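Computed from a predicted model, the values in this text were never measured in an experiment. Atoms within each ligand, like the ligands themselves, are counted from 1 in listed order.
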Amino acid sequence: MPLKKQNKVNYLARIIAAMKNWIKLKKIADAGLPSLDEMFARDTHRAERMRYQACGIYADFSKQRISPDVTQALLGLVQEKKISEKRASLFAGEPINFTENRAVLHPALRGSSKDKTINKLVSDMQMRTRNFAESIMKQGKYTSVVHIGIGGSDLGPRLLADGFAACGKPELALRFANNVDAASINDALLDLDPATTLVVIVSKTFSTQETRMNGEAARDWLGQYANANMIAITANRDGAKNFGVSSSQIFDFWDWVGGRFSLWSAVGLSLQLTYGPDIFDALLSGAASMDAHFQNTSLENNLPIMLALTDIWNTNFLNYKSRAVVPYARRLRKLPNFLQQLEMESNGKGVMRNGQPAPDTCPIVWGDEGTNAQHAFFQQLHQGTSSTPIDFIAVLTDHENRPDHHLALLSNCFAQSEALMHGKSEADVRADLLNENMSAGIIDKLAPHKTFPGNRPSTTILLERLDAQTLGALIALYEHKVFVQSVIWDINAFDQWGVELGKEMAGTILSELQGKTNNPHDTSTSALIALARNHKAS
Ligand code: F6P
């Protein structure tokens, strides 16, 4: 074995040996588990025992391959990792993002901090954004808002824009531009009137290429209205001023708010402008109720902790390599994208806090809205050679006033998790085919193709309703889940150095595509650059 790999193996072996419960879990997994059907047969109270409830959210973990001894060992593991102390450090604003020497205080944005100075900063800013949103609505001058930003400055506001539509109606049209592909800003500005459009540029750093270029395009498009109709939300006030945004039109947030945790800050202003500030307050209060649940509820009844532990079990012990998120709610269709950044940018790390190699960390998170997904990738989920745990998410209230659609939607959601768990045995398939009067030859041929292995795990998360309050709680639930996992893996969930290298290299290549420089590359990259340059020239 190469030395580097051997070192990693030795190191992990030492770390893991220090964790009694990790070893216990490994032994349970290695010994093999009863099937999900057997687990249900052995314990008639399983569904009830493994259902959790908090802040308008139910989570049913009973279709996960988790036996009672697994739950006990997982709870032991999270205690061994001193979750209570780590959680207290998060809420106390200690600089737990140690590679950037920053506190991680997004909970303060929803009133969950005890730091008076921070609370004052937050409430002053909330007052400013509320007053600004109210004055814009009162003026009646604007018809549309164009929100420019990318990553954490885009995904959260987009998720909210869809989610809020379940219970409200936007006063102004809201469009988004994120990608550096000009189609993004072109589509966002199409057919709008610069005189009645408010452009909101959101960038924590105010140096992000995509946002700056889209901002420049919008500023040019606004022309004489640029001064009045352009606002910025940023932690880099000088950057925004130099860009041409007047000081009174800049709304600050702070370096202790990570981009992917920033939707609670002035980053959410576009939603206040379009849906009004009250709905935004409801979002914050829903998140605060999940903060309180996370801090004050015993480990075994704690929703974010159980969600995190389930993913740890699946990733580190059952070796599932990805997790699908399938909201059976069109208005949550952006949730898979949002969670991709939240989970993969936070926990997609290869080293622990001490710089040593980490165990397996964040699985790939992916997904799409149900029922659409059933007609796309569910074939693989049911019968493919690899199995993927799924988070099914649905809403109990019918917000669309179409009960027939709503019941059909829920029935599909529940049926998928049931089908994945039970599967269909070859014997049952054969019996069905016989009933259809198929010949023995045809039955032999078809039976393997119509068999479902089953025993495929999922969690079902049900929201009582899709209002701002519950949406806030749902997002905070996943934020805390991510944090708990980072504690168990002993990684820093709050930096993102992995995004830097490609950005730097794109800068070098851009100057080559512009014909300004020539740099050495591997032969593949050189050939791609040459193709693009020649194409441009032709
Ligand atoms: O490239 C990744 C990233 O830094 C994210 O972490 C962040 O949410 C996004 O870019 C946008 O950054 P900014 O808000 O500074 O423009």
Trainee: For the pair F280 and F164, name the ring-plane relationship: parallel under 30°, tilted 30 to 60°, perpendicular over 60°.
Mentor: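 Because their plane-to-plane angle is over 60°, the rings of F280 and F164 count as perpendicular.
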Trainee: How far apart are the C-alpha atoms of Y478 and F338, what are their side-chain angles, what is the distance that settles it, and do they pass the ring pair (Phe, Tyr, Trp, His ring centres under 6.0 Å) test?
Mentor: CA-CA 10 Å; Y478 275 99; F338 175 81; 8.8 Å; no
Trainee: side-chain contact (heavy atoms from CB on, under 4.5 Å) between L273 and T129: does it pass, once the steps are laid out?
Mentor: CA-CA 9 Å; L273 291 164; T129 52; over 6 Å; no
Trainee: Please identify each residue that fulfils side-chain contact (heavy atoms from CB on, under 4.5 Å) with N178, with sequence neighbours left out.
Mentor: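 side-chain contact (heavy atoms from CB on, under 4.5 Å) list for N178, sorted by chain: I150, D154, R158, S184.
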Trainee: Suppose we measure from atom 12 (O) of ligand 1 to each protein heavy atom; which comes out shortest, and what is that distance?
Mentor: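 For atom 12 (O) of ligand 1, the nearest protein heavy atom comes out as T208 OG1, 3.5 Å.
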Trainee: Could you tell me whether some N/O pair between K204 and ligand 1 is separated by less than 3.5 angstrom?
Mentor: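 Yes; at least one N/O pair falls below 3.5 Å.
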Trainee: For ligand 1, is any non-hydrogen atom under 4.0 Å from V499's backbone (N, CA, C, O), its side chain (CB onward), both, or neither?
Mentor: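 Side chain only.
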Trainee: Provide, to 0.1 Å, the distance between atom 11 (C) of ligand 1 and the closest protein heavy atom, together with that atom's residue and name.
Mentor: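 Sorting protein heavy atoms by distance from atom 11 (C) of ligand 1 puts I150 O, 3.3 Å first.
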Trainee: Can you name the residues that form a side-chain contact (heavy atoms from CB on, under 4.5 Å) with L189, not counting sequence neighbours?
Mentor: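 Testing L189 for side-chain contact (heavy atoms from CB on, under 4.5 Å), a comparison that skips the adjacent residues, returns V146, I185, W221.
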Trainee: On a heavy-atom basis, I'd like to know which of E500, Q496, E345 is closest to atom 2 (C) of ligand 1.
Mentor: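 The nearest heavy atom belongs to E345.
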Trainee: How far is atom 4 (O) of ligand 1 from its nearest protein heavy atom, and which residue and atom is that?
Mentor: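 For atom 4 (O) of ligand 1, the nearest protein heavy atom is K503 NZ, 3.8 Å.
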Trainee: Answer with yes or no whether Q341 contacts ligand 1, where contact means a heavy atom under 4.0 Å from a ligand atom.
Mentor: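 Within the 4.0 Å threshold, so yes.
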Trainee: May I ask you to identify the nearest protein heavy atom to atom 8 (O) of ligand 1, giving residue, atom name and distance to one decimal place in Å?
Mentor: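 Nearest protein contact, heavy atoms only, for atom 8 (O) of ligand 1 is G152 N, 2.7 Å.
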Trainee: Is the NZ or CZ atom of R102 both under 6.0 Å from the centre of the six-membered ring of F494 and within 45° of that ring's axis?
Mentor: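 No cation-pi geometry.
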Trainee: To the nearest 0.1 Å, how far is atom 15 (O) of ligand 1 from its closest protein heavy atom, and which atom is that?
Mentor: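 Protein heavy atom at minimum distance: T205 OG1, 2.6 Å.
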Trainee: Mind running side-chain contact (heavy atoms from CB on, under 4.5 Å) on L477 and H293 for me, showing each step along the way?
Mentor: CA-CA 9 Å; L477 164 65; H293 168 83; over 6 Å; no
